[in-house]
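We name chains A, B, ... by the order of the sequence lines, and we start the count at 1 in each one. All of these numbers come straight from a predicted model, not from anything done at the bench.
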Amino acid sequence: MPELPEVEVVRAGVHRWISGRTVADVEVLHPRAIRRHLEGPRDFADRLIGTTVVGASRRGKYLWLPLSTDGEAPETALVGHLGMSGQLLVIASDAPDERHLRVRFRFADDGPELRFVDQRTFGGLAVAELVDDGAGGHVPAPVAHIGRDPLDPAFDEVAFVRTVRSKPSEIKRILLDQTVASGVGNIYADEALWRAKVHGARPGSGLTRGAVTRLLADVREVMSQAIAEGGTSFDALYVNVNGESGYFDRRLAAYGQEGQPCPRCGTPIRRITFMNRSSFFCPRCQPWRPHGRAPQHAAARER
DNA sequence: CATAGATCCTGTATGC
DNA sequence: TGCATACAGGATCTAT
């Protein structure tokens, strides 16, 4: 279940261990893992071998490794999405193959290899062109269609609030729309909505500017905290992203907590099916429609 | 164009 | 014990 925080932890680990290394060999063990690379496994390998990885970047849940040839500025990148069960492992070459090993990368040095392991094969890798991101940087073409994520310094907060309030869709649906803001998945959406005391089924157009602004702040806060907890493994050689960022077990207030007391008010957390997914919320803290609490008059005017 | 639902995958857990 | 079903869920495709 990697969402933005888990992907960021992986990005940092890959940056730490793979930057500066030259690809010597690529082995695709399952074609579905590179289905987004339309030219196929041969071309995939050909476009990687001999290039040098010059960093690791991320937008939302996508991450990519810019590739340089002969010291030139990178024009392509290895793009990855972990899907639901993907892992990128930096591991000694003589370690036994994982059961769901899909792609293996060996390097020109004696260091550890990079492995893409993915049980459910929703994730995938591709080599893609880098294109202008409209702000002096570059993103791979397959990433250009999603919005910046809330932790991006160039994230347009004003536009986000405007967009959310222009949509009649449920707010949770909007949070999960990667073109509005990227990086938020089912878990952190529920956690941010719980923190903001907003029911996920409320229409975006029914929220005040203040409510959307606070919700965005809660999205940022919960993700930042998750990164901080997962980040303790940056120095480990074994970069694991199996959904568990360290945040899962201890800190989740709502997600997966059906029947458990709300940490704020003690009311049992409820689970409903929503968008063909589970949604967890506190029925007292997150009423469907805001009941007459404090900022009622101000909210009415703000509309 | 925007929106909503179906679909892809496989391992685990649960029900009968 | 065995079999069937539900569930996890991000992105993409299709239909409205």
Figure out the CG/C1' separation between A:D149 and C:dG10, and round it to whole Å. 16 Å

With a 4.5 Å cut-off on side-chain heavy atoms, are A:H100 and A:V117 touching? yes

Ignoring backbone atoms, test whether A:H81 places a side-chain nitrogen or oxygen under 4.0 Å from the OP1 or OP2 oxygen of C:dA11. yes

A:S182 side chain to A:G147 main-chain N or O, any donor-acceptor pair under 3.5 Å? yes

Would you tabulate the pairs of protein nitrogen or oxygen atoms and nucleotide nitrogen or oxygen atoms of nucleotides 13-16 of chain C closer than 3.5 angstrom?
none

Most 5' of A:R32 and A:R173 on DNA chain B, judged by nearest nucleotide: A:R173

Can you name the side chain to side chain contact (heavy atoms under 4.5 Å, CB included) partners of A:P268, sequence neighbours left out? none

Output the rounded distance in Å from CD (A:E3) to P (C:dA8). 14 Å

Students often get this wrong, so: under 4.0 angstrom with heavy atoms, is A:R271 touching a base, only sugar-phosphate, or nothing? sugar-phosphate

Measure CZ/A:F274 against P/C:dC7 and give the value in whole Å, please. 17 Å

ILVMFWY cluster membership beyond A:V131 - transitive side-chain contacts under 4.5 angstrom: A:Y62, A:W64, A:V79, A:L130, A:V139, A:V143, A:I146

Measure the distance from CZ on A:R277 to C1' on C:dC7 and round it to the nearest whole Å. 11 Å

Check whether any side-chain N or O of A:T76 sits under 3.5 Å from a backbone N or O of A:V127 as a donor-acceptor pair, and report yes or no. no

Evaluate the side-chain proximity of A:V180 to A:F160: yes if any heavy-atom separation is below 4.5 Å, no if none is. yes

Please find the earliest and latest nucleotides of DNA chain B, in the 5' to 3' direction, that have an atom within less than 4.0 Å of any heavy atom of chain A. B:dT3 to B:dG11

Using the ring pair (Phe, Tyr, Trp, His ring centres under 6.0 Å) criterion, which residues pair with A:F105? Sequence neighbours excluded. none

Could you state the atom-to-atom distance from CG of A:L176 to P of C:dA11 in whole Å? 9 Å

Contact list please: residues 58-65 of chain A against DNA chain B, heavy atoms, distance less than 4.0 Å, in numerical order. none

Could you tell me which residues satisfy side chain to side chain donor-acceptor pair (under 3.5 Å) with A:R270, sequence neighbours excluded, listed by chain and number? none

State which residues pass salt bridge (charged side-chain N to carboxylate O under 4.0 Å, His left out) with A:D109; sequence neighbours excluded, sorted by chain then number. A:R21

Rounded to whole Å, please give me the gap between CZ in A:R120 and P in C:dA8. 11 Å

Residues passing the side chain to side chain donor-acceptor pair (under 3.5 Å) test with A:D218, sequence neighbours excluded, are none

Could I get the full list of side chain to side chain donor-acceptor pair (under 3.5 Å) partners for A:D152, not counting sequence neighbours? A:R148

If you compare all heavy atoms of A:P287 against all heavy atoms of A:R202, which two are closest, and at what distance to 0.1 Å? O-CD, 3.9 Å

Please classify the nucleic acid contact of A:H145 as base, sugar-phosphate, or nothing, using heavy-atom distances under 4.0 Å. sugar-phosphate

A:D177 has an atom CG; how far is it from atom P of C:dA11, in whole Å? 10 Å

So, the side chain of A:R271 versus the backbone of A:E258: is there a donor-acceptor pair under 3.5 Å, distance only? no

Sugar-phosphate only, base, or nothing, as touched by A:N276 at under 4.0 Å among non-hydrogen atoms: sugar-phosphate

Could you tell me the separation between the CG atom of A:N186 and the P atom of C:dC7, rounded to a whole number of Å? 14 Å

Considering the terminal five base pairs at each end of the helix from B:dA2-C:dT16 to B:dC16-C:dG2, what angle separates the two local helix axes, rounded to 10°? 50°

Residues which pass side chain to side chain donor-acceptor pair (under 3.5 Å) with A:D132, listed by chain and number, not counting sequence neighbours: A:H138

